Amino acid sequence: MPHQIAVITGAGAGIGRATARTLARAGCDVALIGRDAARLQDTAAELAELHIRTLTIAADVTDAEALERAADRIEDTLGPITLWVNCAGAGVSGQFVELAPEEIRRATDVTYLGTVFGTRTALIRMRRRGYGTIVNLDALSLPLPLRSIESGARAAIRAFTESLRPEILHDGDRIQLSLVSLPAINTPRFVWTRNHTGKRLRPAGPVFEPEIAAEAISRAAFGRHRDLRVGLSGVGQRVAALLAPSLLDRRQAVHAYRQQLEKHPADDDTPDNLFTPVAGAHAAHGPFDHLSRRRMPLLLTTTLQTILAGTALAVGAAALLATLRRGAADRRG
């Protein structure tokens, strides 16, 4: 295995920053890409004691040419890129009709096109050598109301990743394209997401520390997993979406709002990072350490996901069939 040169987008805070620490501890030299140069320097300073090489580059992932220039600089300074992790993302929360077109476009560009451009930049260079690993991120739960733009962007990332894999196989390259599905993670995104709800945002469902996400990304990369799902959160909902979608819609219309919004009103002057970085010392963790779980949940590989989904569908179908039979028997009686 060649010496690992890892590139992380969105490396100044949140999952990207936690991933930088995890990969550095694994011995990788790390290139950090993000919009806030000061925060990237803070991240690099954290890694100094690990005695690995770092490089910080301020760039916006929606700028494909900027990513190309960054990759050239990384390879000139650190060496051939062997691992690229797309962590950058941006969001806007609120009722869809209240979102401005420029907000929709920007959130989609950062989350979806940022991943696409990052993947393209990495793939061009990895194909020259015939090996490498790219990791993209997906959301574990079902698409949520108030987060329609992010949900759409993550679904697009999933379809993009699945569509690209056969192309890589067709060309015979030893390039791994992994998709890591994450639950709610305690990052600063809940503080700096553009928010039209009038309430403070909070994570929906079980929430985990960013180090859990970083460890899953590392395992997906070095274990060469096609898909890696962190925990069982959302599995039951996905089965319900197949068996009783209308019932799930009605439940989401009530409970998903409660899960995502705190009772406290949001401050009118809270800055967001949709178009420009939020100033200040933001690191990997968000404000929900008191709720976050620190123990690694079950990690589901592609095979385990298939077995679990098949079992859940079989059980659900059997339960539905039994209910229908009882209803038919009651009507005959």
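The model shown is predicted, which means the values in this text are computed figures rather than measured ones.
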Are Tyr257 and Leu201 co-members of a hydrophobic cluster defined by side-chain heavy atoms under 4.5 Å apart? yes
Answer yes or no: is there a donor N or O on one side and an acceptor on the other, between the side chain of Ser93 and the main chain of Arg147, under 3.5 Å? no
Heavy-atom count check: over 12 atoms from other residues, nucleotides or ligands less than 6.0 Å from Arg105 CZ? no
Member of Asp76, Asp173, Asp72 meeting the salt bridge (charged side-chain N to carboxylate O under 4.0 Å, His left out) criterion with Arg125: Asp72
Spacing of CD belonging to Glu46 relative to CZ belonging to Arg17, to within rounding of 0.5 Å: 4.0 Å
Without hydrogens or angle criteria, can the side chains of Asn186 and Asp289 be said to hold a donor-acceptor pair below 3.5 Å? yes
Only residue of Gln176, Arg174, Met126 satisfying side-chain contact (heavy atoms from CB on, under 4.5 Å) with Tyr131 is Arg174
Checking the side chain of Arg229 only, and the main-chain atoms of Val180 only, is there a donor and an acceptor separated by less than 3.5 Å? no
So, does Arg158 use its side chain to make a donor-acceptor pair with the main chain of Leu137 at under 3.5 Å? no
As a quick check of understanding, evaluate side chain to side chain contact (heavy atoms under 4.5 Å, CB included) for Gln252 and Leu144, giving each step before the final call. CA-CA 8 Å; Gln252 291 282 78; Leu144 292 171; 3.7 Å; yes
Distance from Thr161 atom OG1 to Asn136 atom CG, nearest 0.5 Å? 4.0 Å
Greater than 12 external heavy atoms within 6.0 Å of Arg127's CZ: no
To check you understand the geometry: which heavy-atom pair defines the closest contact between Ile8 and Ala11, and what is its length? O-CB, 3.5 Å
For the backbone of Ala59 and the side chain of Arg35, can you confirm whether one donor and one acceptor N or O come within less than 3.5 Å of each other? no
Looking only at heavy atoms, what is the nearest atom pair of Ala20 and Thr43, with distance? CB-CG2, 4.1 Å
For Gln4 and Asp29, what are the C-alpha separation, side-chain angles and deciding distance, and is it a side chain to side chain contact (heavy atoms under 4.5 Å, CB included)? CA-CA 6 Å; Gln4 297 288 332; Asp29 291 331; over 6 Å; no
To the nearest 0.5 Å, what is the distance between CD (Glu209) and CZ (Arg294)? 4.5 Å
Side chains of His290 and Phe288: does their closest heavy-atom pair fall under 4.5 Å? yes
Looking at Thr270 and Asp267, would you say the former's side chain and the latter's main chain have a donor-acceptor pair under 3.5 Å? yes
Are the side chain of Glu215 and the backbone N or O of Ile212 linked by a donor-acceptor pair below 3.5 Å? no
Would you indicate whether the side-chain heavy atoms of Leu228 and Ser178 approach each other to under 4.5 Å? no
Taken in chain and number order and not counting sequence neighbours, the residues that satisfy ring-ring contact (aromatic ring centres under 6.0 Å, His included) with Trp84 are none
Going from OH on Tyr112 to CZ on Phe117, what distance comes out if it is rounded to the nearest 0.5 angstrom? 9.5 Å
Is there a path of hydrophobic side-chain contacts, each under 4.5 Å between heavy atoms of I, L, V, M, F, W or Y residues, that connects Ile217 with Leu50? yes
Determine, for Asp60 against Arg106, whether the closest basic-nitrogen to carboxylate-oxygen distance falls under 4.0 angstrom. yes
Any chance the side chains of Thr193 and Asn195 put a donor and an acceptor closer than 3.5 Å? no
How long is the gap from CZ on Arg73 to CD1 on Ile33, to the nearest 0.5 Å? 10.0 Å
Any donor-acceptor pair under 3.5 Å linking the side chain of Arg39 with the backbone of Val278? yes
So with a 6.0 Å cut-off around CZ of Phe96, is the heavy-atom count from everything else above 12? no
How about Arg120 and Ile124: do any of their side-chain heavy atoms sit closer than 4.5 Å? yes
Check whether any side-chain heavy atom of Thr115 lies under 4.5 Å from a side-chain heavy atom of Leu113, and answer yes or no. no
Kindly work out whether a path of hydrophobic side-chain contacts (I/L/V/M/F/W/Y, heavy atoms less than 4.5 Å apart) joins Leu83 to Ile157. no
Supply the atom-to-atom distance Thr22 OG1 to Arg219 CZ, rounded to the nearest 0.5 angstrom. 10.5 Å
Taken in chain and number order and not counting sequence neighbours, the residues that satisfy ring-ring contact (aromatic ring centres under 6.0 Å, His included) with Phe160 are none
May I ask you to test the Ile5-Ile74 pair for a side-chain heavy-atom distance under 4.5 Å? yes
With distance as the sole test, does Thr56 use its side chain to make a donor-acceptor pair with the main-chain N or O of Leu40 at under 3.5 Å? no
Just checking, any donor-acceptor pair under 3.5 angstrom between side chains of Gln95 and His196? no
For a quick test of reading the model, state the closest non-hydrogen atom pair linking Cys28 to Ala6 and the distance between them. CB-CB, 4.2 Å
Does Glu102 CD have over 12 foreign heavy atoms under 6.0 Å away? yes
If I compare all heavy atoms of Val230 with all of Pro297, which pair ends up nearest, and what's the gap? CG1-CG, 3.5 Å
Is there a donor-acceptor contact under 3.5 Å from the side chain of Asn273 to the main chain of Thr276? no
N/O donor-acceptor pair under 3.5 Å between Lys199 side chain and Leu261 backbone: no
In terms of hydrophobic clustering (I, L, V, M, F, W, Y; side-chain heavy atoms under 4.5 Å; direct or indirect links), are Ile57 and Leu78 co-clustered? yes
Do Ile168 and Leu123 have side chains that approach each other closer than 4.5 Å (heavy atoms only, starting at C-beta)? yes
Side chains of Thr119 and Asn86: do they bring a donor and an acceptor to under 3.5 Å? yes
With side chain to side chain contact (heavy atoms under 4.5 Å, CB included) as the criterion, how do Arg165 and Arg226 come out once you've worked through the C-alpha distance, each side chain's angles and the decisive distance to 0.1 Å? CA-CA 9 Å; Arg165 283 172 176 147; Arg226 182 181 188 275; 3.1 Å; yes
Let's go through Arg189 and Glu150 carefully: what are the C-alpha distance in whole Å and the side-chain angles of both, what is the deciding distance for side chain to side chain contact (heavy atoms under 4.5 Å, CB included) to 0.1 Å, and is it a yes or a no? CA-CA 12 Å; Arg189 70 172 297 275; Glu150 181 185 357; 2.8 Å; yes
Shortest non-hydrogen separation from Thr77 to Arg53 and the atoms involved: O-NH1, 3.5 Å
Heavy-atom pair with the smallest gap, counting every atom of Pro210 and Thr187: CB-CG2, 4.4 Å
Within one Ile-Leu-Val-Met-Phe-Trp-Tyr cluster: Leu274 and Ile15, side-chain cutoff 4.5 Å: no
Do the non-hydrogen side-chain atoms of Val191 and Pro287 ever get within less than 4.5 Å of each other? yes
Answer yes if the side chains of His285 and Glu211 hold a donor-acceptor pair under 3.5 Å, and no otherwise. yes
Side chains of Ile134 and Val85, heavy atoms from C-beta outward: is any pair under 4.5 Å? no
